[in-house]
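Take a look at the structure below.
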There are 4 protein chains.
Amino acid sequence: MADNTDEQSRRAPDPRRRSQRAQNAIVDAAEELLGEVGYSRLTMEAIAARARVGKQTIYRWWPSKAAVVFEVFTRLTGAEAGQPLPDTGDLAADLKTVLRATIDEFNDPATDRTTRAFTAEVQHDEEFARAVTEQLVRPNGEAVKERLRSGQAAGQLATDVDLDLVVELLNGPVNHRWLLRTAPITHEYADRLVDTVLRGLRP
Amino acid sequence: MADNTDEQSRRAPDPRRRSQRAQNAIVDAAEELLGEVGYSRLTMEAIAARARVGKQTIYRWWPSKAAVVFEVFTRLTGAEAGQPLPDTGDLAADLKTVLRATIDEFNDPATDRTTRAFTAEVQHDEEFARAVTEQLVRPNGEAVKERLRSGQAAGQLATDVDLDLVVELLNGPVNHRWLLRTAPITHEYADRLVDTVLRGLRP
Amino acid sequence: MADNTDEQSRRAPDPRRRSQRAQNAIVDAAEELLGEVGYSRLTMEAIAARARVGKQTIYRWWPSKAAVVFEVFTRLTGAEAGQPLPDTGDLAADLKTVLRATIDEFNDPATDRTTRAFTAEVQHDEEFARAVTEQLVRPNGEAVKERLRSGQAAGQLATDVDLDLVVELLNGPVNHRWLLRTAPITHEYADRLVDTVLRGLRP
Amino acid sequence: MADNTDEQSRRAPDPRRRSQRAQNAIVDAAEELLGEVGYSRLTMEAIAARARVGKQTIYRWWPSKAAVVFEVFTRLTGAEAGQPLPDTGDLAADLKTVLRATIDEFNDPATDRTTRAFTAEVQHDEEFARAVTEQLVRPNGEAVKERLRSGQAAGQLATDVDLDLVVELLNGPVNHRWLLRTAPITHEYADRLVDTVLRGLRP
DNA sequence: GGCTAAGCGAGACGGTACGTCTGGTCTTGAT
DNA sequence: ATCAAGACCAGACGTACCGTCTCGCTTAGCC
């Protein structure tokens, strides 16, 4: 959404340039308010007021509250979506590094709130769910799978396993624990998880 | 909440007898409407109208929309919460049986809707999250752990594994897939998941 | 409308008692605001705020801003609508008395504002126009005609004239002058008008 | 406003020539829309869209919706404003002719709508009222008075009457009846009115 | 024949108010 | 005494227009 100006920026001034100021203000305001009052008490009216923007301007660019929050979310986490994982040659270590980073995000109150708002919205809105899956979940999954394939090539992982399942074995438990708040999520937990999963998947 | 009338009904004309009729009507109406319009468009007003009940009567017994839906949920799934797992002596088979049942529920549209409403609400409301965890998640987890312990005793499972983690390795992936709708959830998937998890956890 | 609770409060609770408080507050607020900002800048939102009432409560009882203002209007002028004219035996004198009173109202800023708002609304809304005609214009006209008939009986007015036309000859000019603000409206004007009209209508 | 191009058109291509096309389109559009939806639902946005003109172009030339409608109005009725009345030597007949013409206009739906819009606006906007009075009401009144004076000279009208009052006695009743829609306005009514008014004003 | 200033269409902008909907509380009458 | 019915205050919803403000694009006259 924001990157389509890049190839044009040389010659043609973006016809949407004016909206940029307003759009930024809107997403900023939404992010702040999300942190302050949470998703369910977040109102379009408050966003508009905080951003010093007419409500119509919000509706001009986003169809719903969820869509605005999606923007907040992608701005927070979208950058690294689909980034390739580190490859030091040690599969377990690399997976632990990544999982620890994920956990750190979950433990950051700002991301926590936004992600929960997000997860809730995914339940209500199938369309929205699709967008999230396409733009965040899948790219990240693919990146992990790429690293797993590299691990297979290095003889650190059995070649007869379903990589999608492995990805879910790594993400699912963390997600489950965070989602239902059944127990705290720590680096040590990440390490144990990776070790346990890989334990049975050696060649 | 519903059971405290039982011991009184023998002797005295229950002062709450009338409310019983109303309460049932409310939960019924909520369940119907949940299936018809989904959680986010479910309103207290509609529940009251459908149940032919004053709004006040709802608020008298439940503090919020989420609480009513919780009642619906426990009525649907609460019965078997914490039920011990079957123990045929074959750990893998028993886990597959249970996981398949869980998957069937996820695939049933009625349960699907309610559970999603639920999951969404858990994100917003920490209090509510606690109730769900205590009354559903933990009992179910404990039941699975019990079966795992039995499996350890039978020499089918290593004794040095964190059972909580195993439970999460079984539930997490299914939950993750369902939650984000990344892929369909089948019996075959349940089987493969159990096999993969147990593969590395033999003694 | 406002006084019917007093004598009843002992025994019979008015079914509309609750709304009474709100309705009074609404009409009061509307009247105040009408005087402060005029009709075109009068908003439902402001009335609701001033009356400390939900907007819905206004819309529950009146379909539009015009209808509320109509209530204000009838409360201001409705009392004497259709009241019989004085009958001292001197037709000219009695008509002058009434016309002077009308003129005084037109010259009172509060009534002036409200009446103008009103007149404007009558142009837009045919339904509304009918209500005004039925409840105010016609009763007043009938009262004047009654006095004219009494004048005919007393031999002060020709019997072959169209009384409706005479009423219009008395009201029309005053109204026209007020409406288009072509000239100030004075008691002297009222007297001259009555004299001129009656001049040709002697038996 | 429209005539200031005349003296320039000989020598220089009018810098405002382009605006002419736009201005015409605006007034045309306003007139059409006024007939279609009435004044209160007439919007600047709709006029601009219909005239295929930017909103700014409207605001460049007229300060408000009322001003645009005023233009429509003067285009419809302004031509004959202040035109001298016919003088056949028969005062009553000439007044009836004029009054019948006025009545025909009131009975024409297009003029009716516009004139009502107009009358309403006059109530809200004092500035506007002044413009209407100066440019329409007064010239027309003067024309009638001129004919009345001619009637006085011909011995058909008393010389001791206030001519302004006579004008109001002729216009007021018609206006009053039209304004409040109390009764239909017919040629027969015009005749009766003129006869009744003149009845008492013979020398 | 190119240059520049203005007028222009289009429509985004910050706002206000609309009329509706729902939340959660309070009141009333019937049963 | 409890309930259904629904009025109450409150305030967010998404829409319609307001009047102002860019934006590029004609389109004249003027060099």
Side-chain angles (χ1 to χ4, degrees), chain A residues 12-23 25 41-49 51-61 63-65, chain B residues 15-19 21-22 25 41-49 51-60 62-65, chain C residues 12-23 25 41-49 51-61 63-65, chain D residues 12-23 25 41-49 51-65:
Chain A
D14 182 1
R16 285 199 279 280
R17 186 142 44 93
R18 288 174 66 219
S19 66
Q20 212 48 58
R21 185 252 126 200
Q23 291 188 36
R41 265 169 312 185
L42 176 68
T43 67
M44 291 301 233
E45 219 126 58
I47 296 173
R52 316 224 81 225
V53 141
K55 279 199 286 178
Q56 201 62 62
T57 303
I58 306 183
Y59 285 106
R60 198 165 4 246
W61 302 105
S64 67
K65 189 171 69 162
Chain B
R16 283 205 272 279
R17 187 141 43 95
R18 287 172 69 204
S19 75
R21 188 248 123 205
R41 265 168 313 188
L42 177 69
T43 67
M44 291 304 235
E45 222 123 56
I47 296 174
R52 317 224 81 223
V53 140
K55 280 198 288 177
Q56 195 57 254
T57 306
I58 305 183
Y59 285 105
R60 217 189 319 275
W62 294 277
S64 68
K65 188 170 69 163
Chain C
D14 180 0
R16 281 200 281 280
R17 186 139 46 92
R18 288 174 65 219
S19 67
Q20 212 49 59
R21 187 249 124 203
Q23 292 188 36
R41 265 168 312 187
L42 177 68
T43 68
M44 290 302 234
E45 219 125 56
I47 296 174
R52 316 223 79 224
V53 141
K55 280 197 287 176
Q56 201 62 61
T57 303
I58 305 183
Y59 285 106
R60 206 182 336 268
W61 303 104
S64 67
K65 188 172 71 165
Chain D
D14 179 7
R16 283 205 272 281
R17 186 137 46 94
R18 285 172 70 207
S19 73
Q20 208 50 56
R21 186 251 123 200
Q23 291 187 36
R41 266 168 312 188
L42 177 69
T43 67
M44 290 303 234
E45 221 124 56
I47 296 174
R52 318 223 80 223
V53 140
K55 281 199 286 178
Q56 196 57 255
T57 304
I58 305 183
Y59 285 107
R60 212 187 325 270
W61 302 104
W62 293 278
S64 67
K65 186 171 72 163

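Order of the sequence lines sets the chain letters (A, B, ...), proteins ahead of strands, with each chain counted from 1.
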Without decimals, in angstroms, what is the distance between [X] [atom1] and [N] [atom2]?
| X | N | atom1 | atom2 | answer |
| --- | --- | --- | --- | --- |
| C:I47 | E:dT16 | CD1 | P | 18 Å |
| D:K65 | F:dC17 | NZ | C1' | 10 Å |
| C:I58 | E:dG19 | CD1 | P | 10 Å |
| B:R21 | F:dT2 | CZ | P | 17 Å |
| D:M44 | F:dA16 | CE | C1' | 15 Å |
| A:R60 | F:dG14 | CZ | C1' | 14 Å |
| A:R41 | F:dC13 | CZ | P | 14 Å |
| B:Y59 | E:dT27 | OH | C1' | 17 Å |

Pairwise distance CZ(C:R52) to OG1(C:T57) - rounded to 0.5 angstrom: 13.0 Å
Closest heavy-atom pair and its distance - [X], [Y]:
| X | Y | value |
| --- | --- | --- |
| A:A51 | A:A25 | CB-O, 3.5 Å |
| D:K55 | D:A48 | CG-CB, 3.8 Å |
| B:V53 | B:A22 | CG2-CB, 4.0 Å |

Between [options], which one does the side chain of [X] approach most closely?
| X | options | result |
| --- | --- | --- |
| C:E45 | E:dG24, F:dC18, E:dC18 | E:dC18 |
| B:T43 | E:dC8, E:dG23, F:dA7 | E:dG23 |
| C:W61 | E:dC18, E:dG14, F:dC8 | F:dC8 |
| B:Q56 | E:dC13, E:dG9, E:dT25 | E:dT25 |

Residue whose nearest DNA chain E nucleotide is more 5′ - C:L42 or D:R52: D:R52
Below 4.0 Å: OP1/OP2 of F:dA7 and any side-chain N or O of C:T57: no
Base of F:dG19 paired with side chain of D:K55 (donor-acceptor, under 3.5 Å): yes
Nearest-nucleotide comparison on DNA chain F, the residue closer to the 5′ end among C:A51 and B:G54: B:G54
For A:K65, side-chain hydrogen bond (donor to acceptor under 3.5 Å, both in side chains) partners two or more places apart: none
